Amino acid sequence: DKELNEKEIKSNKKDKELNEKEEKVNNKDKELNEKEIKSNKKDKELNEKQKILNKKDKELNEKEIKLNSKEEKSKELNEKEEMLIKKEKELIQREKGINIKDIIESNKPTIGLDNLGATCYMNAVLQCMAHFKEISQKILNWYKNMDDNNKKDRILSYAFGELLDNLYFPHENNNYKVSYSPKNFKEIVGNLNPLFKGIQANDSKDIMNFIIEKMHFELNTLGQNNLGVQDNNYNFINDQTNELLTFNNFKKEFTSNYHSFLSESLYALQKTITQCCYCNTTIFNFQTYNFLIFPLLDVKNFIIRNNFQNPYFNHKNYVLNLIDCFNYYQKMDFFQGENQIYCNICKCNQNAKYCNLLYSTPTILCIVLNRGKDNKDFNENITFGTELNLSNFVQDKSDCAIYYLIGVIVHIGDSSMSGHFISYCRDPINDEWYKYNDAIVNKVENFKNEVINFAMPYLLFYQKLKN
């Protein structure tokens, strides 16, 4: 009995152990089932996420297809634009005057100008002016039909026409193939203005201003001898209607008495507003301009002062751009202290504020980047581009003030009265850029790298888009 009891106890103990093991197995089974449920749930979530990703993928593909379609349309538009440009050139060829085909066949861009002894300042200007397409075409037509009896009264214009004739049609006039000597033109300029007599160095800006003003005087079809309307001030008090009247009177006088090939393309109007700080009397004054001169050191100081409290402005390494110059040009300034002006209303000298504004812009815009009497005053570069949009600066909103670059004069040296001048010109026929270094002419392979990024320009010439 005792043995049986012991056996029974052992049997019960084993049963208990088996039950415990069975319970553990069941618990593990339960855990595995729970994990499987969680895994299935995660799988479901992943599947849903995958569906969302697939949907986004589909949307991105649709967007990409739309973008490709837009690019194709853009390409088509560009091709149409190229066709229109080609048609415009064909129409120009049919216009009365110099046949553009003749200019192409003349290999015009290969003709340089001989240096007659420190005359690079003049050569650079003449090459740029020769690339003013509309002016050159009109002067060439006038030159070829010129009456000898009137030549003596238009001696500089005739000499410029002769020079253009030799640059545009070299093989018809001479046997040279590389360069032309502007000796006759230089002698006439020197006789007309002693400043340019002899072989001493000079400033490109000064001779260009003289050539333009003198030729305008000679070619003025209305018999007036200068652009003297700058002196006509029309004074009105705070009235936009009277401002318009001021402009209309000025424009009528200008177009009635002062007209030439050059005024059509190179001259435009600026508006000066002067206001008495005491009684607010406002004076509107319109006058012509054919150059815009920007003193770069003053421009940079103005920009830095205006951004003095701007934490994001790089005061130490800021590089000027051309738009900075136009912001400087139209800044508000003051007459005060010893510079007070007389007010007709107050009947005494008063402080006044004034600003210059571009009322209109010329077909060809000439910009002078003045670095000071000594170029070391401002030897930093200034960024400029092949396109220039002045829509935000011009007062006359009917004026299409959008330009593309056609010429650059670069000065190398410490002073504008010494050193060396070279010009870069955009050929109006094939849109290629050429470097004119006196008699040496080279095609510019990479205009952006050679000029836009590295050159320090002195004069810039922009042509207005027609529409």
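None of these values were measured; they are calculated from a predicted model.
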If we ignore angles and hydrogens, is there a donor and acceptor under 3.5 Å between the side chains of Asp203 and Tyr458?
yes
CA sep, side-chain torsions, deciding dist, call: Phe286, Tyr359, ring-ring contact (aromatic ring centres under 6.0 Å, His included):
CA-CA 8 Å; Phe286 290 90; Tyr359 192 87; 5.2 Å; yes
Are Cys325 and Ile382 close enough that some pair of their side-chain heavy atoms sits under 4.5 Å apart?
yes
Just jot down the salt bridge (charged side-chain N to carboxylate O under 4.0 Å, His left out) partners of Lys464, sequence neighbours excluded, or say none.
Asp399
Is the distance between the ring centroids of Phe294 and Tyr328 less than 6.0 Å?
no
Closer than 4.0 angstrom, basic N to acidic O: yes or no for Lys353 and Asp333?
no
For residues Trp433 and Leu405, report the shortest heavy-atom separation together with the two atoms involved.
CZ2-O, 3.5 Å
Side chains of Val368 and Leu292 in contact at under 4.5 Å (non-hydrogen atoms)
no
Euclidean distance, Asn202 CG relative to Phe421 CZ, rounded to 0.5 Å:
8.5 Å
Got a donor-acceptor contact below 3.5 angstrom from the Ser136 side chain to the Lys133 backbone?
no
Is it possible for you to check whether Lys214 lies under 6.0 Å from the centre of the six-membered ring of Phe210, through NZ or CZ, and within 45° of that ring's axis?
no
Carefully, step by step, assess Asp165 and Lys144 under the rule side chain to side chain contact (heavy atoms under 4.5 Å, CB included).
CA-CA 9 Å; Asp165 194 36; Lys144 287 183 176 294; 3.1 Å; yes
Under 6.0 Å between ring centres: does that hold for Phe335 and Tyr354?
yes
Which distance, rounded to the nearest 0.5 Å, do you find between the CZ of Phe334 and the CG of Asn339?
13.5 Å
Any heavy-atom pair between the side chains of Leu365 and Leu390 that's under 4.5 Å?
yes
Student check: side-chain heavy atoms of Arg371 and Met456 closer than 4.5 Å
yes
From CG (Asp324) to OG1 (Thr383), nearest 0.5 Å
7.5 Å
When Tyr424, Tyr436, Phe461 are each screened for ring-ring contact (aromatic ring centres under 6.0 Å, His included) with His131, the one that passes is Tyr436
Lys/Arg N to Asp/Glu carboxylate O, Lys197 vs Glu187, below 4.0 Å
no
Kindly say whether the aromatic ring centers of Phe393 and Tyr329 come within a distance under 6.0 Å.
no
Okay, side chain of Asn209, backbone of Ile212: is any donor-acceptor separation there less than 3.5 Å?
no
Is it the case that the side chains of His216 and Asn290 hold a donor-acceptor pair, with the cut-off being a distance below 3.5 Å and no angle test?
no
Is the shortest side-chain heavy-atom distance between Tyr342 and Asn344 below 4.5 Å?
yes
Contact check, side chains of Tyr318 and Ile304, non-hydrogen atoms, under 4.5 Å
no
Would you call Val189 and Leu192 a side-chain contact if the rule is heavy atoms closer than 4.5 Å?
no
Is the shortest side-chain heavy-atom distance between Val441 and Ile111 below 4.5 Å?
no
May I ask you to check whether Tyr143 and Ser157 show a side-chain donor-acceptor distance below 3.5 Å?
no
Gln287 (side chain) donor-acceptor with Gln270 (main chain) under 3.5 angstrom:
no
side-chain contact (heavy atoms from CB on, under 4.5 Å) with Tyr289: which of Asn356, Leu266, Leu269, Leu358?
Leu358
Step by step, would you call Thr361 with Tyr403 a side chain to side chain donor-acceptor pair (under 3.5 Å)?
CA-CA 10 Å; Thr361 55; Tyr403 290 86; 3.1 Å; yes
Could you go step by step and tell me if Ile303 and Asn306 meet the side chain to side chain contact (heavy atoms under 4.5 Å, CB included) rule?
CA-CA 5 Å; Ile303 297 298; Asn306 279 8; 5.7 Å; no
Looking at Lys183 and Asp114, is there a salt bridge between them, counting it only when a charged N and a carboxylate O are closer than 4.0 Å?
no
